[in-house]
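So the structure is just underneath, and the comments pick up after that.
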Amino acid sequence: MRSIRAAAVGAVTLSLALAASACGGGSSTGGGSNDSPKTLTYWASNQGASIEVDKKVLQPELDKFEKQYGITVKLEVVPWSDLLNRILTATTSGQGPDVLNIGNTWSASLQATGALLPWDAKNFAKIGGKDRFVDSALGSTGVQGQDPAAVPLYSMAYALYYNKKIFADAGIAKPPATWDELVADGKKIQAKGKQVIGAEGANVSENIHHVFVFAKQHGADFFTADGKPDFTNDGVVAAVKQYVDLMAKDKVIPQGNAEYAQNQSVSDFAKGKTAMLLWQSASANLKSQGMSEDAYGIAPVPVGSGTPGTGTQVNSMVAGINMAVFKNSHNLDGATKFVKFMTSDDEQKILNKAYSSIPPVKSAQADPSFNTPANAVLKNTLATSAAALPQVAQESQFETTVGTAVKELFADAAAGRAVTTDSVKAKLEKAQQQMPAK
């Protein structure tokens with residue numbers, strides 16, 4: 001789900017339940033047409049430091065598309081706080097865009113509504129073939145064994161960003177490779193009057209991304225093999241507690257971050273207030289806030305053993321943005337051409353450079369301009385130590401219920417209330433009870 005996401009909040013469970021009953025995204029026929037061949041509407045996700053930044057990035061490319069195909073694209077950049085609910089409402093009403101960006105973690109949930117165009121072999125052939133895309137990105141496009149519900153657009157991974165000067169002033173020679181090292185380094189950083197590491201405690205999506213990774217490091221999953229919620233198993237409870245304990249017990253996340261939900265932790269890092277940041281492909285965001293690339297280093301997210309990999313050494317979710325088409329579009333041919341344009345080699349290079357993300361298109365990713373030290377960490381993480389969030393229809397409800405439980409636990413920690421194994425389990429039990437039947 002983005003590089004700059006705010007929380008996707010709201011009545012997701014109800015909206016998704018309604019959406020699942022819709023036929024073809026609310027169209028009376030369940031299909032699309034080419035009745036409006038000269039226009040397209042496009043909902044883009046907020047990838048840059050602001051909506052205005054995104055408009056400046058995207059509009060020149062949309063103008064190129066219009067010049068090439070004679071199709072005008074009406075752009076709306078939708079904040080992450082609104083995007084999921086806007087999409088779910090559109091799946092029930094049929095009054096949505098032709099083309100839209102979705103967080104890749106939502107792919108299976110939105111696929112279940114039946115509103116999105118399936119990317120079968122015939123449709124993939126129209127944009128150059130499925131084999132143009134890297135496997136890790138395709139793994140977050142819908143339920144395994146079904147035709148993808150979307151096409152990868154931007155790929156991202158989490159990394160540990162660290163302020164070189166703060167580290168040097170604290171006598172720290174290298175970034176921490178384990179969580180124990182991070183906590184120990186935190187004491188040295190605090191002794192110099194700086195905050196240790198930022199978090200977005202009120203951002204439900206960010207919460208999910210991190211506790212998912214901690215669960216992997218504990219050898220646990222939030223869902224059983226057959227797709228049933230399993231939020232209260234011992235490994236999950238320990239994982240959620242370990243994450244919240246970075247504030248509650250270890251004191252390395254500032255208490256004020258319990259209220260952060262709109263990239264405040266990124267701003268704190270860019271301003272030199274915080275020594276470390278866990279974020280997805282943050283370089284473009286930091287640059288837009290005036291932080292020089294020379295001022296920070298980038299390292300893999302810590303793991304228990306210090307060496308990222310598979311299984312309990314996973315250190316990132318497979319982050320990214322996918323591009324989908326509403327199958328009741330009145331310009332299906334134009335929408336397909338637009339997806340082809342946006343995933344072309346040239347556009348992939350332009351857009352992913354602008355957002356400091358990684359092209360999910362193999363040939364574009366191979367371009368030398370993506371061989372920077374920062375991208376080397378991100379590409380290696382995606383290739384060797386990232387895992388996709390569960391591609392199940394209930395994924396969006398999972399983000400909301402569990403992400404909210406973690407938000408409440410951070411609020412407890414900030415208020416000085418004890419965060420215990422029992423209190424964590426109680427929050428997760430409540431979250432699981434809110435999940436609809438499979």
Is the backbone of [Y] close enough, under 3.5 Å, to the side chain of [X] for a donor and an acceptor to pair up by distance?
X	Y	result
Q365	P359	yes
N352	Q348	yes
Q432	F231	yes
N46	V78	no
D54	G48	yes
N207	T404	no
E200	N263	yes
S329	D98	no
T312	Q217	no
E206	A199	no

Would you call the rings of [X] and [Y] parallel, tilted or perpendicular, taking 30° and 60° as the class edges?
X	Y	value
Y69	F65	tilted
F167	Y162	tilted
F398	F222	tilted

For [X], enumerate each residue passing the side-chain hydrogen bond (donor to acceptor under 3.5 Å, both in side chains) test, keeping only those at least two apart in sequence or located in another chain.
X	answer
N163	none
D230	N233
E61	K64
T178	none

Candidate pair D169 and K165, rule salt bridge (charged side-chain N to carboxylate O under 4.0 Å, His left out), full reasoning: CA-CA 6 Å; D169 290 346; K165 184 177 187 304; 2.9 Å; yes
Are [X] and [Y] linked by a side-chain donor-acceptor pair shorter than 3.5 Å?
X	Y	value
T401	Q434	no
Q313	S385	no
N371	K379	yes
S107	N322	yes
Y154	Q280	no
Q59	D63	yes
Q289	S267	yes
S45	Q47	yes
S344	D346	no
E395	S109	no

Considering only heavy atoms from C-beta outward, does the side chain of I87 approach that of I102 to under 4.5 Å?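 Yes. Closest side-chain heavy atoms under 4.5 Å.
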Strictly under 6.0 Å, is that where the ring centroids of W80 and W106 end up?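 For W80 and W106, the ring centres are under 6.0 Å apart.
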Can you give me every donor-acceptor pair (side chain of residues 31-38, partner residue at least two apart or in another chain, under 3.5 Å) with its distance?
| from | atom 1 | to | atom 2 | distance (Å) |
| --- | --- | --- | --- | --- |
| S33 | OG | D35 | N | 3.3 |
| S33 | OG | D35 | OD2 | 3.1 |
| S33 | OG | H330 | ND1 | 3.3 |
| N34 | OD1 | L332 | N | 3.1 |
| N34 | OD1 | D333 | N | 2.8 |
| N34 | ND2 | D333 | OD2 | 3.2 |

Charged N to carboxylate O under 4.0 angstrom, K164 versus D294?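 Not counted as a salt bridge, because no side-chain N and carboxylate O are separated by less than 4.0 Å.
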Check this for me: does any side-chain nitrogen of one of D82 and R86 sit under 4.0 Å from a carboxylate oxygen of the other?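 R86 and D82: not salt-bridged.
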Ignoring hydrogens, what is the shortest heavy-atom contact between [X] and [Y]? Give both atom names and the distance.
X	Y	result
T381	S316	CG2-CB, 3.6 Å
P436	Q394	O-NE2, 2.6 Å
P302	W179	O-NE1, 3.3 Å
G227	V392	CA-CG1, 4.4 Å

Do other residues, nucleotides or ligands put more than 12 heavy atoms under 6.0 Å from [X] [atom1]?
X	atom1	result
K56	NZ	no
E293	CD	no
K74	NZ	no

Take K362 and D131, measure what salt bridge (charged side-chain N to carboxylate O under 4.0 Å, His left out) needs, and give me the verdict at the end. CA-CA 9 Å; K362 296 174 184 175; D131 60 357; over 6 Å; no
Just to verify, what does D147 make a salt bridge (Lys or Arg N to Asp or Glu O under 4.0 Å) with, not counting sequence neighbours?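 Salt bridge (Lys or Arg N to Asp or Glu O under 4.0 Å) list for D147, sorted by chain: empty.
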Apply side-chain hydrogen bond (donor to acceptor under 3.5 Å, both in side chains) to Y42 and N101, showing your working. CA-CA 8 Å; Y42 174 40; N101 290 0; 2.8 Å; yes
